[in-house]
Engineer: 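Okay, here's the structure, questions in a sec.
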2 protein chains.
Amino acid sequence: MDITALRTAHPDHWMKAAAIRTLTLDAIHAANSGHSGMPMGMADVATVLFEKHLKFDAAAPNWPDRDRFILSAGHGSMLLYALLHLTGYADMTIDQIRNFRQWGAKTAGHPEYGHATGIETTTGPLGQGIANAVGFAMAEEIQRARFGAKIVDHHTYVIAGDGCLMEGISQEAIGIAGRHALSKLIVFWDNNDITIDGKVSLSDRTDQVARFRASGWDVQEIDGHDPLAIDAAITAAKKTAQPSMIACKTHIALGSSAQDTSKGHGALTDPKLIADTKAAYGWSAGPFEVPADIKTAWDMIGRRGAAERTAWETRLAGLNGKKRDDFTRAYAREVPARLSAVIRALKKQISESAPSVATRKSSEMVLEVVNPVLGETVGGSADLTGSNNTKTGDLGVFDIDNRKGRYVYWGIREHGMAAAMNGMALHGGIRPYGGTFMCFTDYARPAMRLAALMKIPTVFVMTHDSIGLGEDGPTHQPVEHLAISRATPNTWVFRPCDTVETAEAWELALTSKETPSVLSLTRQNLPTLRTAHKSKNLTAQGAYVLADATGKRKAILMATGSEVEIAMAARDLLEAEGIGTRVVSMPCWELFEEQDETYRRRVLPAGPVRVAVEAAIRFGWDRWLFGQGGKREKSGFVGMHDFGASAPAEVLYEQFGITPQAVADKVKALLG
Amino acid sequence: MDITALRTAHPDHWMKAAAIRTLTLDAIHAANSGHSGMPMGMADVATVLFEKHLKFDAAAPNWPDRDRFILSAGHGSMLLYALLHLTGYADMTIDQIRNFRQWGAKTAGHPEYGHATGIETTTGPLGQGIANAVGFAMAEEIQRARFGAKIVDHHTYVIAGDGCLMEGISQEAIGIAGRHALSKLIVFWDNNDITIDGKVSLSDRTDQVARFRASGWDVQEIDGHDPLAIDAAITAAKKTAQPSMIACKTHIALGSSAQDTSKGHGALTDPKLIADTKAAYGWSAGPFEVPADIKTAWDMIGRRGAAERTAWETRLAGLNGKKRDDFTRAYAREVPARLSAVIRALKKQISESAPSVATRKSSEMVLEVVNPVLGETVGGSADLTGSNNTKTGDLGVFDIDNRKGRYVYWGIREHGMAAAMNGMALHGGIRPYGGTFMCFTDYARPAMRLAALMKIPTVFVMTHDSIGLGEDGPTHQPVEHLAISRATPNTWVFRPCDTVETAEAWELALTSKETPSVLSLTRQNLPTLRTAHKSKNLTAQGAYVLADATGKRKAILMATGSEVEIAMAARDLLEAEGIGTRVVSMPCWELFEEQDETYRRRVLPAGPVRVAVEAAIRFGWDRWLFGQGGKREKSGFVGMHDFGASAPAEVLYEQFGITPQAVADKVKALLG
């Protein structure tokens with residue numbers, strides 16, 4: 001690469017881009033770890049994007065109508081941190097850059113949402129960013145349709161690398177974006193032909209241009225170091241009716257001796273290499289120094305959007321009151337007061353009518369009353385609409401000619417759906433929920449973890465949550481998936497036992513500000529167990545006494561979801577024999593764990609024998625069986641011990657021994 | 001669709017295909033559940049494939065050189081069961097078909113590997129089959145290069161639906177197959193334009209033909225109901241130098257009133273619909289009846305390959321002894337006696353030299369001695385070769401011009417890698433292992449679960465297994481992933497504390513016949529703790545006493561992997577204060593659980609206080625803290641309580657309080 005030619009062709013541009021490159025070199029040198037090559041390769045694209053196109057105001061990083069910039073290739077985090085610092089984001093000080101990858105710094109190894117303003121999403125696990133971006137772009141379309149283009153009118157820009165494009169999730173994202181003609185989504189592909197193992201061609205020879213076109217994208221191919229070409233391509237991309245991919249031919253670790261090599265992908269820390277590279281760039285400032293003229297030029301870029309932002313604020317202020325309130329309320333993740341009223345009313349009606357329904361259907365009943373009062377919900381399913389019961393009458397279907405539609409047919413793309421839902425939640429103004437079979441938690445896992453890590457309240461509606469799904473067999477029967485989500489920090493796993501608990505779980509999920517929820521719902525019908533109406537949300541305590549012993553309490557049965565019915569029937573058997581039995585419904589372990597010790601002890605007092613009943617493996621239950629006042633000699637578990645099988649549900653419950661009689665027998669054996 | 005025209009154009013073909021369709025209708029009617037449409041739509045393709053092309057012998061279902069037929073669209077299981085029954089697989093009786101989806105039947109809702117012969121892999125979770133198939137085809141190439149085309153020379157055929165192609169994993173599979181020009185892989189796409197939610201176009205408008213071509217596939221487009229076109233396409237596909245995709249335009253639920261609708265995807269159980277459809281087919285036999293002439297024709301298809309098979313057996317018998325033994329031994333999943341000898345020798349040498357190395361490096365040291373004596377291993381990494389340390393000097397790189405190569409650069413495709421490894425294991429004759437960062441268990445999860453469910457010994461090499469990876473931060477730091485794999489039935493999770501335990505873990509993983517292994521390995525260096533050589537494999541017991549209390553035993557420290565070092569240092573602190581402390585290394589909970597109670601009690605006797613140390617969340621540890629003789633009042637945990645952070649590893653251990661001092665303090669607090 002002829003660096004001198006690049007420098008001289010566009011000297012102003014060059015020095016601005018060089019500031020990104022040298023900050024990258026300095027920060028990674030100081031940290032002695034990181035990824036130098038990507039920021040060095042993509043600095044030109046990023047500079048042109050920020051200078052000429054990105055609508056943002058560094059002084060107002062959370063301006064709702066800003067363009068979103070998503071660094072899907074998150075290992076190149078120094079590109080983002082350098083941009084935020086250079087354009088004047090208040091929290092991205094030079095000290096933060098100096099402390100790259102150090103304890104307490106905002107400049108984590110990969111961009112972490114919430115650590116610093118301007119970080120729109122957490123990236124690093126490859127392919128997530130581009131799939132989040134699809135959600136961002138959909139959220140923008142939905143909000144624009146609802147609030148008008150004067151309030152919502154922005155682009156979503158993504159930088160994706162070869163790794164992002166090799167991950168399967170990228171195909172799901174590309175497919176969704178193409179299908180919905182998300183024209184305001186613009187992806188830059190950092191086409192540098194290098195991965196960690198070597199040349200891309202070692203593992204992939206896919207024609208990415210043809211691949212994107214096959215899904216209905218507009219594609220351009222440019223020299224990623226030519227600022228004029230970059231500018232022209234972005235200008236053109238903004239005009240297309242399709243999502244755009246701009247294939248940017250770049251040189252990883254540009255201008256260094258590691259250029260165009262896999263070594264250049266990683267941390268360039270050799271002092272001579274750094275010195276030589278800076279010399280080649282024509283950069284004479286010291287480490288972490290940006291010459292004043294260059295910093296000023298960048299500061300002006302950071303302020304470029306200020307007028308547009310204030311004009312937008314005026315327009316927002318001019319919106320009619322209800323609309324404006326809805327807009328700002330949803331961005332603040334607040335819910336209208338009516339939400340709890342409609343949920344209470346539903347609970348009351350259900351407690352009185354006591355229907356027998358599957359909790360997936362209960363969930364639909366809740367959504368039918370919730371969606372009309374919570375205009376920011378966007379529902380969907382990964383091609384299981386009729387099974388997940390996620391579509392309510394009022395939503396309308398999101399489509400190219402119906403951007404107001406609030407229901408998304410995601411296709412058979414659990415992972416893409418989950419990541420796009422995260423994108424919607426991150427965009428703001430939207431509360432996304434989406435369904436699949438609980439077993440396919442596995443497919444959505446990487447995005448579900450990121451929702452928890454990012455502290456966003458995405459709702460995962462997981463139906464067919466046990467062997468109770470019956471004949472589809474073990475590939476479709478979750479046994480370890482409750483444990484998987486319960487093991488994940490900052491995740492609420494709700495397994496409601498009836499419609500009332502389902503309504504309570506939804507209320508918690510929809511009012512959550514920082515915790516994603518997993519709703520574990522049955523395929524099979526369940527009776528209403530909460531027949532005495534309580535306006536209080538009992539599920540908020542995580543666990544509570546559903547039915548107490550009538551005489552002396554000798555046993556406590558703990559159960560969740562469909563097995564609470566079994567525990568109640570076992571209680572009948574035991575009480576009939578004079579064995580006082582309490583049933584504790586435990587719809588959400590995490591919330592129970594958050595209660596004070598006094599409450600927990602009141603629900604699970606020491607003394608009685610304990611049996612847990614759950615049509616899943618035992619893993620995790622020992623916390624409640626042996627801990628919390630329990631004793632291992634006086635505890636038992638009735639549930640699954642291995643994968644399931646294919647047969648009608650009632651046969652499976654019988655064969656796997658998850659029955660009232662088995663529970664009663666276990667209690668009696670423990671009582672001795 | 002003009003059924004009459006189809007019937008009359010190729011009457012013999014028609015009736016054979018109709019047998020598949022009517023058995024499907026009858027079985028699903030009897031089960032009152034299942035998926036009728038896909039077998040009805042793809043019966044013509046399957047009939048031509050089995051009649052004219054598939055190399056198989058129903059009397060010898062496990063013939064190693066048979067063609068493999070993989071039903072990636074596993075919900076259409078009746079297609080496969082009907083084919084197996086019709087062609088005369090001994091175990092697929094008409095009673096099995098009658099008992100479709102019933103307890104104890106081989107005919108599960110989705111095809112389950114191991115339930116019946118002729119089921120090459122478990123499918124149902126969409127996209128897995130096509131990705132397995134890539135592994136099958138690679139295994140064939142590798143074995144053909146090694147044993148010659150007279151012994152190994154077969155095709156892998158796949159039927160994939162729209163769901164398979166929408167799942168991201170399919171892109172990973174397509175990319176790998178295209179990159180490696182797996183010309184003996186032939187995929188039929190059931191292009192019926194219908195998913196559960198409705199028309200495919202609701203969620204996807206990808207040009208699949210262009211998409212496959214973009215990754216280097218040969219593609220043909222045919223009428224999937226025209227037997228001549230099907231035959232010609234397969235004939236052509238076998239001749240190409242690329243993997244082939246045959247886009248078969250079909251009608252789901254062909255000939256029924258539900259044809260071409262999403263209703264037709266599911267269970268067609270209406271008696272009138274079934275009667276009308278059979279009438280349209282010209283089928284007058286009763287339920288589960290196949291007229292003798294048609295059954296005879298199918299039986300002949302099932303015997304078509306017998307002569308070829310016996311000729312092959314003669315050729316195998318003619319192979320030189322060593323080669324033949326290697327071939328049959330690997331298929332039997334047996335290992336040569338030398339394996340344990342080289343592992344013992346390595347253990348001895350390590351115990352003596354006591355190096356300080358990361359266990360990912362330990363793993364490489366083991367593989368360096370193992371791979372030369374175990375010719376059936378195939379290693380790889382999802383673009384982290386230098387980090388996962390999975391490549392040894394002798395393997396050679398699998399490529400188009402080096403089919404003998406035993407190392408695969410999988411690219412950034414954890415999911416595709418895991419599923420393809422499963423395919424290799426299922427193919428037989430290969431022991432696959434592959435690496436990624438442990439956190440990306442999330443990406444590989446669906447395939448890891450299937451390895452456990454299918455009972456195949458795939459080895460997942462998961463390095464960078466805790467906050468010990470340092471600066472890459474929480475996106476890359478597993479905290480819940482040990483729990484995720486431990487919660488999964490039939491999975492061995494090994495977390496070795498040093499090179500000796502790593503060697504023992506590998507020995508177990510490589511001699512496993514029915515259980516996949518997860519190796520949880522560190523990025524950071526660890527001392528050798530097993531300095532006294534024992535030829536016995538102590539890891540096989542799951543947990544054992546690494547160091548006992550010198551005086552009266554007051555405390556037991558339980559730890560795994562990198563935290564065993566911390567436990568040992570804590571023991572030093574405690575012993576110095578006169579607190580007798582035992583350290584139990586627990587490299588594999590599952591194997592410890594399998595030991596008899598006497599052994600478990602000997603390792604973890606009741607009485608002393610217990611502290612577990614693991615740089616992961618506590619979830620699951622209560623089994624050993626409170627259970628197995630423990631007491632909650634006398635137990636503690638030192639580990640993670642939330643996601644990690646970005647900083648140097650030693651800072652993280654200090655900040656998160658996972659230190660010898662913290663462990664010693666916890667013990668002392670519990671001792672009171």
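Heavy-atom basis, side chains included; hydrogens, waters and symmetry copies ignored. Not measured: the values here are computed from a predicted model.
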Engineer: Using a 4.5 angstrom heavy-atom cutoff, name the option from B/His115, B/His180, B/Glu414 with the most pairs to chain A.
Structural biologist: B/Glu414
Engineer: Can you check whether A/Leu126's main-chain N or O pairs, donor with acceptor, with B/Tyr443's side chain at less than 3.5 Å?
Structural biologist: yes
Engineer: Counting only non-hydrogen atoms closer than 4.5 Å, does A/Glu654 touch chain B with its backbone (N, CA, C, O), its side chain (CB onward), both, or neither?
Structural biologist: neither
Engineer: Measure the CG-OH distance between A/Asp197 and B/Tyr407 for me, rounded to the nearest 0.5 Å.
Structural biologist: 6.0 Å
Engineer: Give, as side chain, backbone, both or neither, the part of A/Arg101 having an atom under 4.5 angstrom from any heavy atom of chain B.
Structural biologist: both
Engineer: Pick out which of A/Asp204, A/Leu202, A/Thr195 makes a side chain to side chain contact (heavy atoms under 4.5 Å, CB included) with B/Tyr409.
Structural biologist: A/Leu202
Engineer: If we only count heavy atoms from C-beta on, is the A/Cys439 to B/Arg449 side-chain gap below 4.5 Å?
Structural biologist: yes
Engineer: Side chain from CB out, backbone as N, CA, C, O: work out which of these in A/Leu453 comes under 4.5 Å of a heavy atom of chain B, or both, or neither.
Structural biologist: both
Engineer: Look at B/Ala452, B/Cys164, B/Ala444, B/Gly178 and state which one has the largest set of heavy-atom pairs under 4.5 Å with chain A.
Structural biologist: B/Ala452
Engineer: Would you mind telling me which of A/Gly163, A/Gly34, A/Ala210, A/Ser635 has the largest number of heavy-atom pairs within less than 4.5 Å of chain B?
Structural biologist: A/Gly163
Engineer: With chain A, which of B/Asp472, B/Asn490, B/Thr206 has the greatest number of heavy-atom pairs at distances under 4.5 Å?
Structural biologist: B/Asp472
Engineer: By a 4.5 Å heavy-atom criterion (distance strictly below it), what part of A/Trp217 contacts chain B: side chain, backbone, both, or neither?
Structural biologist: neither
Engineer: Give, as side chain, backbone, both or neither, the part of B/Ser387 having an atom under 4.5 angstrom from any heavy atom of chain A.
Structural biologist: neither
Engineer: Exactly one of B/Thr475, B/Asp442, B/Thr441 should register a side chain to side chain contact (heavy atoms under 4.5 Å, CB included) with A/Pro446. Which one does?
Structural biologist: B/Asp442
Engineer: If you count heavy-atom pairs under 4.5 Å with chain B, which of A/Gly630, A/Ser170, A/Gly127 comes out on top?
Structural biologist: A/Gly630
Engineer: With a 4.5 Å cut-off on heavy-atom pairs, point out which of B/Thr488, B/Ile169, B/Ile617 contacts chain A the most.
Structural biologist: B/Thr488
Engineer: Which residues in residues 104-111 of chain A have any heavy atom closer than 4.5 Å to a heavy atom of chain B?
Structural biologist: A/Ala108, A/Gly109, A/His110
Engineer: Find the one option among B/His415, B/His476, B/Arg623 whose heavy-atom pairs under 4.5 Å with chain A are most numerous.
Structural biologist: B/His476
Engineer: Less than 4.5 Å apart, side chain to side chain, heavy atoms only: is that true for B/Asp622 and A/Phe619?
Structural biologist: no
Engineer: I need the minimum non-hydrogen distance between B/Pro489 and A/Asp642, along with the two atoms involved.
Structural biologist: CB-OD1, 3.5 Å
Engineer: Relative to chain A, which segment of B/His35 carries a heavy atom at a distance below 4.5 Å: side chain, backbone, both, or neither?
Structural biologist: side chain
Engineer: Most heavy-atom pairs under 4.5 angstrom with chain B, which of A/Gly216, A/Gly473, A/Ala483?
Structural biologist: A/Ala483
Engineer: Using heavy-atom distances under 4.5 Å, tell me whether A/Thr385 contacts chain B through its side chain, its backbone, both, or neither.
Structural biologist: both
Engineer: Non-hydrogen atoms of chain B under 4.5 Å away: do they reach the side chain of A/Trp103, the backbone, both or neither?
Structural biologist: both
Engineer: Against chain B, label A/Leu469 side chain, backbone, both or neither, depending on which of its atoms sit under 4.5 Å from a heavy atom there.
Structural biologist: neither
Engineer: Select, from B/Gly198, B/Gly175, B/Pro125, the one with the greatest count of heavy-atom pairs under 4.5 Å involving chain A.
Structural biologist: B/Pro125
Engineer: Using non-hydrogen atoms and a 4.5 Å limit, figure out which bit of A/Arg486 sits close to chain B: side chain, backbone, both or neither.
Structural biologist: both
Engineer: Do the non-hydrogen side-chain atoms of B/Met166 and A/Glu172 ever get within less than 4.5 Å of each other?
Structural biologist: no
Engineer: Taking side chain as everything from C-beta outward and backbone as N, CA, C, O, which of these in B/Ile174 sits under 4.5 Å from a heavy atom of chain A? Side chain, backbone, both or neither.
Structural biologist: neither
Engineer: Is the closest side-chain heavy-atom distance between A/Leu165 and B/Gln171 below 4.5 Å?
Structural biologist: no
Engineer: Quick one: are B/Ile196 and A/Leu384 in side-chain contact, heavy atoms under 4.5 Å?
Structural biologist: yes
Engineer: Any side-chain heavy atom of B/Glu112 within less than 4.5 Å of one from A/Pro474?
Structural biologist: yes
Engineer: Roughly how far, to the nearest 0.5 Å, is NE2 of A/His481 from CZ of B/Arg445?
Structural biologist: 5.0 Å
Engineer: If I measure from the heavy atoms of chain B, does A/Val479 come under 4.5 Å with its side chain, its backbone, both, or neither?
Structural biologist: both
Engineer: Measuring heavy-atom distances to chain B, does A/Leu625 have an atom under 4.5 Å in its side chain, in its backbone, in both, or in neither?
Structural biologist: neither
Engineer: Do you know which of A/Arg413, A/Gln208, A/Gln102 has the most heavy-atom pairs with chain B at a distance under 4.5 angstrom?
Structural biologist: A/Arg413
Engineer: Between B/Ser485 and chain A, which part of the residue has a heavy atom less than 4.5 Å away: side chain, backbone, both or neither?
Structural biologist: neither
Engineer: Can you say whether A/Ser262 sits under 4.5 Å from chain B via the side chain, the backbone, both, or neither, judging by heavy atoms?
Structural biologist: neither
